[in-house]
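Note that the structure is predicted; figures quoted are calculated from it, not measured. Heavy atoms only: backbone and side chains are in, while hydrogens, waters and symmetry mates are out.
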Amino acid sequence: MSDDKQFKESPNRQVALKDVRNIGIMAHIDAGKTTLSERILYYTGINHKIGDTHEGTATMDWMEQERDRGITITSAATTAFWNRNGVKHRFNLIDTPGHVDFTAEVERSLRVLDGAVAVFCSVGKVQPQSETVWRQAQKYKVPIVALINKMDRTGADFYGAVEEIKTKLGATAVPLLLPIGKEADFVGQIDVLENRAIYFKGDDGSTIEYTEVPADYVELREKYYKHMVECLAEVDEEIMEIFLADEMPTLEQIRPALRRATIAAQIVPVACASAFKKRGVQPVLDIVADFLPSPIDIWDIKGSDPATGEEKTRHVGDLQPFSALVFKIMTDPFVGKLYYFRVYSGTASQGMEVLNPRTNRRERLGRLLQMHANHREERKEIFSGDIAAAVGLKNVTTGDTICVEDDPIVLESMTFPEPVISVAVEPKSSGERDKLSKGLIALSDEDPTFRVRSDEETGQTIISGMGELHLEIIIDRLIKEFKVEANTGAPQVAYREAITCAADADTKFVRQTGGHGQYGHVIIHMEPGEQGSGLIVENKVVGGNIPKEFIKPVENGLREAAATGVLAGYPLIDLKIDIVDGSYHPVDSSEMAFKIAASMALKEACKKANMILLEPIMKVDVVVPEENMGDIIGDITSRRGNIVEISSNVQAGFNKLNAQVPLAELFGYATAIRSLSRGRASYTMEPSHFERVPKQVQEKVVTEKK
């Protein structure tokens, strides 16, 4: 931490900045994230009654769709306070979804968090979506504490889960809490650091009893204490020197070293609990307070200067110039649009004028709200390091920076995956059209992976998202929240088009009318780009044959034509286009003429470039009982799928298949897998890449579109 003189805290702060923790709860679906969040709210005194997902009473799952399905769909933010050794800590907590269709919610939450608690099921261990969220956390360099939950379940295996964190996730897992007993006999924890046993008494587990380590656990505790010291010696010089001198470091030396290593993401502290049975949650909060970073630990906040694009740095502190990142937008029926933001430097106050560097427009912060799931508490000021919501912003979208006008900065934004599945949606009557339009605009503002467009040929409204469940919930929200009566079509695959060889086009657009005519002449060269490169347009015109003011319209014409495709109306991807040459007329040339000429040139070149159709391929992970393996493999093969890997005995009597399957063949897969395994198999899928479709499939798709 710097000794910068500007690092002073506002006298109005409730909690010192060093005692603030911005943390997320993340995991595979059904590992117990929301149950853990509910217990945290109870033990920190926010809730006086424990909520449960299976009863539909969870505070953090407040949406009707979440309560109906018992899953988390939207990341909910709340604030709680935890007393650790007489020091009041502020936890800004975000409970994220586990289902892969809502991976954007996890992505944007991790972008603004300083640390995370990764929850693993003690039976399922490291499951497919656990790996996805782990990768996302690594992308944003978020330090992690791992919690092996559901220790009361039959088949619970704490040490097996720790081993999988090491092997599958490549992390240095260091258990700080060991289970006393397991399954129905899970009664407490061994505190490896403090060398004591912890037991939880009473119906709500709020009474904690500390005792000596039971005799049959002494050796085990000793083993893991040594393991912790060895792991620290590998990454911390101070501990290494003590270790090499054949001495044992003291607790006062180990604690700061453990914190340094956790914040640097060199080790992952591991705890155990049964959140549902109310055993083991409070020591996890102690670990979060002790070892996860405060905003001060992330001292340098990197961004760029909006005018020059050069790197620029901010520092944490209430007296620094204000900068914040808007990471989520939500429509609230009572207050309108809520803009969730994380303050990185400075202080936000009601009525304050801020700049949005993306639009270069001023915005005014209206009401400032401290969110507790969907409940709101009015605040006059939001301090450095805090997460809150604002009302009253206008031209702001997810990922925008808001900052002071006299010292602007653009903070690093977020990237979101492209949608892979589409559905046509129509109002049941013409009177519903406006309501449908307003609802779709509000939902697309909230969710950066949800897209809306109009099909030029059919006039239909097409909505696109990350999966069947994603679109199902969007439609459910349209009906229930926005009161729209709408019909939907069958899901459609979001295909893409590409070229397989280079091609040129020399196109003139000439129109003679009574007055000024129209004249645009464009010569282009195009060739296939690298996989994932999108569409690259470069201007290589020399000698002013196309005047500078017409280059942008040419580029726009090319991009618009590529967006609607040539083969079957799907966007063209992985394509490099050079604007090579052309000519102009001093009187008749116009922006529109060059735009049309460019569009015609792209279509002409595509006819020579041997076009192909690409389809989205999904990475599918299936956990299946051994006796149903043959049926499931046969079904995947019949869907044009490839088996990539088979892992045997991932849990008692179950194997895991990793496969790559075209999305077009996966509609209704949930029903098929259920019937093939009598409801015992489970699967997750996420977009992997685009691949060329077989010739007969291409012919069928093109014919249907035409």
Side-chain angles (χ1 to χ4, degrees), residues 1-2 4-22 77 79 90 92 108 111-114 293-329 337-371 377-414:
M1 190 182 86
S2 168
D4 191 312
K5 303 246 180 341
Q6 283 294 310
F7 181 67
K8 288 180 184 167
E9 298 188 18
S10 166
N12 301 331
R13 289 189 77 98
Q14 286 177 290
V15 171
L17 194 53
K18 69 179 177 58
D19 300 322
V20 172
R21 302 287 180 272
N22 291 312
T79 297
R90 178 192 187 96
N92 295 318
R108 58 182 169 189
R111 169 64 187 85
V112 296
L113 293 170
D114 301 328
S294 76
I296 298 173
D297 294 302
I298 295 96
W299 177 247
D300 281 332
I301 300 144
K302 299 237 176 346
S304 60
D305 187 307
T308 64
E310 289 175 8
E311 191 175 287
K312 193 171 181 177
T313 305
R314 276 276 204 282
H315 294 310
V316 177
D318 298 333
L319 303 187
Q320 296 282 351
F322 171 73
S323 65
L325 187 79
V326 176
F327 68 96
K328 181 178 165 75
I329 299 170
K337 270 192 185 170
L338 285 172
Y339 295 82
Y340 283 74
F341 63 96
R342 152 85 192 259
V343 180
Y344 280 92
S345 61
T347 306
S349 54
Q350 269 189 17
M352 174 177 168
E353 273 208 346
V354 294
L355 175 77
N356 178 351
R358 182 181 60 84
T359 60
N360 206 26
R361 285 188 181 180
R362 288 181 190 169
E363 299 274 352
R364 186 178 290 278
L365 293 173
R367 292 165 64 197
L368 297 176
L369 304 168
Q370 188 67 63
M371 298 305 294
E377 175 196 330
E378 199 104 11
R379 291 267 305 272
K380 288 214 165 28
E381 281 184 300
I382 306 295
F383 302 106
S384 185
D386 280 350
I387 291 171
V391 181
L393 298 173
K394 300 229 167 14
N395 299 302
V396 174
T397 62
T398 301
D400 277 357
T401 300
I402 49 175
C403 58
V404 287
E405 194 173 1
D406 55 2
D407 191 357
I409 187 171
V410 178
L411 301 171
E412 183 193 343
S413 190
M414 296 157 267

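At least one donor-acceptor pair under 3.5 Å links the side chain of E363 to the backbone N or O of K394. In this structure, N395 contributes its side chain and T359 its backbone to no donor-acceptor pair below 3.5 Å. No side-chain donor-acceptor contact under 3.5 Å links S384 to the backbone of V316. Put simply, the side chain of Q370 never gets that close to the backbone of A388: no donor and acceptor are under 3.5 Å apart. Under a 3.5 Å cut-off, the side chain of S323 and the backbone N or O of Y344 do not form any donor-acceptor pair.
Partners of D19 by salt bridge (Lys or Arg N to Asp or Glu O under 4.0 Å), not counting sequence neighbours: none found. Looking at residues two or more places apart in sequence or on another chain, you find a salt bridge (Lys or Arg N to Asp or Glu O under 4.0 Å) between D400 and R358.
Within the 4.5 Å cutoff, no side-chain heavy atoms of S304 are placed close to those of E310. Considering only heavy atoms from C-beta on, V391 comes within 4.5 Å of L338 through its side chain. At least one side-chain heavy atom of P295 sits less than 4.5 Å from a side-chain heavy atom of D114. In this structure the side chain of R13 reaches within 4.5 angstrom of the side chain of V20, judged on heavy atoms. With a 4.5 Å cut-off on side-chain heavy atoms, F383 and V343 do not count as touching.
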N92/R342 under side-chain contact (heavy atoms from CB on, under 4.5 Å): CA gap, chis, key distance, verdict: CA-CA 10 Å; N92 295 318; R342 152 85 192 259; over 6 Å; no
Would L368 and F341 count as a side-chain contact (heavy atoms from CB on, under 4.5 Å) if you check the C-alpha gap in whole Å, the side-chain angles of each, and the deciding distance to 0.1 Å? CA-CA 10 Å; L368 297 176; F341 63 96; 4.0 Å; yes
Going through the checks in order, is the side-chain contact (heavy atoms from CB on, under 4.5 Å) test met by I382 and L365? CA-CA 11 Å; I382 306 295; L365 293 173; over 6 Å; no
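Minimum interatomic distance between V326 and V396 (heavy atoms only, all atoms of both residues): CG2-CG1, 3.8 Å. Looking at every heavy atom in both residues, I329 comes nearest to K337 through CG2-CD, 4.2 Å. For the residue pair R21 and S294, the shortest heavy atom distance occurs at NH1-CB, 3.2 Å. What you find for H315 and Q320 is that their closest heavy atoms are O-CG, 3.2 Å. In terms of heavy-atom proximity, E381 sits nearest to T347 at OE2-CG2, 3.7 Å.
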Determine all donor-acceptor pairs shorter than 3.5 Å in which one atom belongs to a side chain in residues 403-411; sequence neighbours excluded.
from : atom 1 : to   : atom 2 : distance (Å)
E405 : OE1    : R362 : NE     : 3.0
E405 : OE2    : R362 : NE     : 3.4
D407 : OD1    : K312 : NZ     : 2.8

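Note: N22 CG to R90 CZ = 9.0 Å, rounded to the nearest 0.5 Å. The structure places CG of D300 at 5.5 Å from OG1 of T313, a figure rounded to the nearest 0.5 Å. Summarising the geometry, atom CZ belonging to R314 is positioned 5.0 Å from atom OG belonging to S345; distances are rounded to the nearest 0.5 Å.
Put simply, the residue from L369, L393, T398 that forms a side chain to side chain contact (heavy atoms under 4.5 Å, CB included) with Y339 is L393.
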